[in-house]
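Some notes on the structure that comes next.
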Amino acid sequence: MLGRPSLLLSRSGSFRPENLGQNAMAMIGNLCFTIFVVGVLVFTIIAATYQPEDPLFHPSAKITNFLTSKSNATFRADDSVVRTGEDFLGVNQTAFTTFINLNDVDVPENADSGGVTENNLDCSGKIDDPVDCTDPDMFHLLMRAAIEKFKDIHFYRFGKPVRGSNDSSCHMAWRFRPKEGKTAAFYKDYRSFVVSRSENCTLDVVSIGDYHSGGNARKRKRKNREGSDRTLGKLDEGFEKVTPKTVGEPIALPVVGEAVNDSLPVVESESSFGNGKYLIYSGGGDRCKSMSHYLWSFMCALGEAQYLNRTLIMDLSICLSKIYTSSGVDEEGKDFRFYFDFEHLKDSASVLDQVQFWSDWDQWHKKDRLSLHLVEDFRITPMKLSGVQDTLIMRKFGSVEPDNYWYRVCEGETESVVQRPWHLVWKSRRLMDIVSAISSRLNWDYDSVHVVRGEKARNRAMWPHLVEDTSPEALLSSLQDKIDDGRNLYIATNEPDTSFFDPLKDKYSTHFLHEYKDLWDEKSEWYVETAKLNNGTPVEFDGYMRASVDTEVFFRGKKQVETFNDLTRDCKDGINTCTSSS
C-alpha cells in the first residue's frame, strides 16, 4: 500500500510541463511507425494477390503497348488462342499501299475486246492447238483477267504462267492480300486459267479455277534457303516483277500459301558443333499446360538464348493440354510444327532440336572436352550468366509449382533486360493456308461474328447474361444495326450444335468451320504434310487447331462483331473483371 502513492506520484511526474515536449515527440514517433507497419502489410498483401491482365489476348495495338512497357512479367493462364508475332505488326508498318492496278499491266497493241489476238498465225484448222502460256501477251491477259475478277483483293506479285493440265489451260501464281485486310501478312494463290481461241485467233480467258487449282505454278522452295528472301521488294523464284507506283522498304512478313520447308536444322561438322554455345531448359511444370502458358514460357527461354547469344536447344515434342483434346486427357507427342511456323523460327533465330543435339553431344563432348554449366535456381539471372564460357548452359527446373515454371526466369529485374522476341514466332502457315482457303471461298467478302457459349454460358455465376445475350433472337437484334441483310456471315463459335443459329439464315448467308472440313480431311494437303511430319501417322485436327482457324477466319471478316465487346454486358473473364479497355 505504501508503494502505490509513490508509484502514482512517479507516473504523474511524467506529465509535468517540462516533460510534455518529449512525450509529444514519442507519441508522434509511435504513430508514424504504426502507419508504416500497416502500409507495409497492405502493400505485401496486394503484391501477393495481384495478377495483371494477360496481354496475349488483347487486340494487337494493346499488345504492342504491352511489349514496349515494363509491366509485371507474371503470367495468368488463359485457354484462348494465343497471339503470335505477326499479330504485333500494325498494317501501317508495311508497304501495303504498293499494290498492282490494271493501269500497271501493259495492254498489248493486238488486244481486242478484252482478248488478245495472236500475231502471224493462220487460225484455220489450228483452233485446238495448244496455247502458249509463256507468251508475254498471254501473261498480261491472265493478269488483267485476275485483277478484274477478284475485286476484293490487292495483287502484289504475279508469277510467270506455265502450262496447265491440258492444251487450253495455263497455271499462274500471285501474291495478294485482302483490300480490307487487318493483318500484316501476304497470301499466295495459284490458279488454273482456261483459255479459248476463236477463229480470228483471239484468245480469251473462259474461266478461272478455285483456290490453289493451278498446282503447276507452285514453286517448291530450296531446302536451305535464307529467311531474307521472304521480304517485300525481293521476288521469289519464278515471279515476274510488275512494278507498282512505289516500292516500300523490305520487311519480313508471313506469306501464306507457299510451300513450307520446316525440316530440322543440323550441325554440319564436329568443329562447328564444338565452337557453338548452347542453352537448354530441362524439366519444370510447364508441360501439358495451356498453349498460352507454353508459349509464354518458351518465349522466355528464346529471349534468354538471344540475350546470351547462344543457340536454344528446344524440344519439338510438346504436350497438348486436355482443354484442347477430344479425349479429354493431356496428349503427349504433338509436334511444335503443327501449331507454329518452324521455318520462320529457324531462319530468324539459332535453334536446334534437342534429339539431334544430344546425339551430337554424346558423340563429341568427351573428345572435344565440351563443358556444361548447370543452373538449378531460377533466381540466377541471365545477366549473371553472360560471362559463362562453358559450351552448354542447362537450366534445370524442379517439381514444385509455380517456382518451376520457365517464365519465372524472366520476372523481376530480368524483365527490363531480356525481351521476349515475339517477332520470331508465327502461326503455322499450314493452318493459315486453311484460313486463306476458307476466306477465298467466301471471296474475301464476308462479315463475321464471334459467339462464345460453352462452359461460360453454363456458368451463370460468372457470366449471368451470356445465355440470353447470345440466343438467336438476341443475336438478330444485336446484328441488325451492324451487319447488312443478305451478307455472308461467318460465325466463329464453340457452340457444338450449329443448327442453334438457324434463325439467322432468314437474314444472312451463314457459314461455319465444319462446312470446310475437306481442307483437313484425308485427301487434303494439310493431312498429307502433317502425317509426313508425324512419321506417317495421321494427325488429328484437334481442338486448338479448330479454335485457331475459327478465330483467324473471324479476324478476316470485313466487319467483326465480338461477344464481350458487342453482344453482352458480361465481362470476358467473369463478373466484376471488366476494364475500360476490354
Side-chain angles (χ1 to χ4, degrees), residues 81 150 159 162-166 168-174 176 185 187-194 207-221 254-263 320 324-327 331 333-343 427-444 446 488 490-493 496 498 509-554 556:
V81 173
F150 303 113
V162 297
R163 189 181 188 278
S165 56
N166 55 49
S168 62
S169 73
C170 298
H171 289 182
M172 185 175 71
W174 56 80
F176 73 97
Y187 302 85
K188 185 177 180 180
D189 197 359
Y190 34 91
R191 300 208 184 201
S192 174
F193 292 73
V194 176
S207 63
I208 303 178
D210 294 331
Y211 182 76
H212 284 191
S213 57
N216 292 351
R218 186 183 192 185
K219 295 293 181 181
R220 291 286 170 181
K221 294 183 179 178
V255 182
V256 176
E258 287 188 342
V260 179
N261 172 25
D262 50 10
S263 58
L320 187 67
Y324 309 117
T325 64
S326 58
S327 62
E331 293 183 2
K334 298 290 185 176
D335 197 303
F336 179 92
R337 295 169 290 182
F338 296 165
Y339 309 98
F340 302 104
D341 186 348
F342 185 68
E343 179 181 9
K427 297 176 185 69
S428 161
R429 280 184 288 129
R430 292 187 179 90
L431 290 179
M432 295 306 296
D433 199 28
I434 294 176
V435 173
S436 181
I438 294 173
S439 301
S440 293
R441 291 185 184 182
L442 294 171
N443 294 317
W444 296 90
Y446 65 95
N488 281 320
Y490 184 86
I491 302 177
T493 182
T498 56
S509 176
T510 59
H511 304 272
F512 301 90
L513 179 64
H514 69 81
E515 298 173 13
Y516 306 96
K517 60 184 179 181
D518 62 293
L519 296 172
W520 61 83
D521 67 13
E522 59 186 12
K523 296 181 180 179
S524 69
E525 184 176 351
W526 178 89
Y527 184 94
V528 172
E529 291 192 0
T530 54
K532 286 181 180 178
L533 290 178
N534 206 33
N535 298 319
T537 302
V539 176
E540 177 192 7
F541 196 71
D542 58 51
Y544 184 80
M545 297 173 184
R546 291 175 184 273
S548 181
V549 170
D550 212 21
T551 301
E552 293 300 322
V553 175
F554 164 78
R556 281 150 186 78

With rounding to the nearest 0.5 angstrom, report the [atom1] to [atom2] distance, [X] to [Y].
X: Leu320; Y: Asp335; atom1: CG; atom2: CG; result: 12.0 Å
X: Arg556; Y: Tyr187; atom1: CZ; atom2: OH; result: 3.5 Å
X: Ile434; Y: Ser548; atom1: CD1; atom2: OG; result: 9.5 Å
X: Thr530; Y: Arg337; atom1: OG1; atom2: CZ; result: 11.0 Å
X: Asn534; Y: Phe338; atom1: CG; atom2: CZ; result: 4.0 Å
X: Trp526; Y: Arg430; atom1: CH2; atom2: CZ; result: 10.0 Å

Charged N-O contact under 4.0 Å between Arg218 and Glu525: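 Answer for the salt bridge query: yes.
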Quick one: does [X]'s side chain get under 4.5 Å of [Y]'s, heavy atoms only?
X: Asp189; Y: Phe150; result: no
X: Asn443; Y: Asn488; result: no
X: Ser436; Y: Tyr211; result: yes
X: Val435; Y: Leu431; result: no
X: Glu552; Y: Val256; result: no

Of all heavy-atom pairs linking Asp341 and Lys427, the shortest is CB-O, 3.4 Å
Atom of Val553, atom of Tyr446 and distance for their closest heavy-atom approach: O-OH, 2.7 Å
In chain order, what residues pass the side chain to side chain donor-acceptor pair (under 3.5 Å) check against Thr498, with sequence neighbours excluded?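 Result, side chain to side chain donor-acceptor pair (under 3.5 Å) vs Thr498: His514.
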In chain order, what residues pass the side chain to side chain donor-acceptor pair (under 3.5 Å) check against Ser440, with sequence neighbours excluded? Trp444
Aromatic ring proximity Phe193/His171, centre distance under 6.0 Å: no
Looking only at the side chains, is there a donor atom on one of Asp550 and Tyr490 sitting less than 3.5 Å from an acceptor on the other?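 Distance-only check passes for Asp550 and Tyr490.
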All N/O donor-acceptor pairs, side-chain side in residues 535-543, below 3.5 Å, sequence neighbours left out:
{"residue": "Glu540", "atom": "OE2", "partner": "Ser326", "partner atom": "OG", "Å": "2.9"}
{"residue": "Asp542", "atom": "OD1", "partner": "Tyr544", "partner atom": "N", "Å": "3.0"}
{"residue": "Asp542", "atom": "OD1", "partner": "Met545", "partner atom": "N", "Å": "3.0"}
{"residue": "Asp542", "atom": "OD2", "partner": "Tyr339", "partner atom": "OH", "Å": "2.6"}

Neighbour count above 12 (heavy atom, 6.0 Å) for Asp210 CG: no
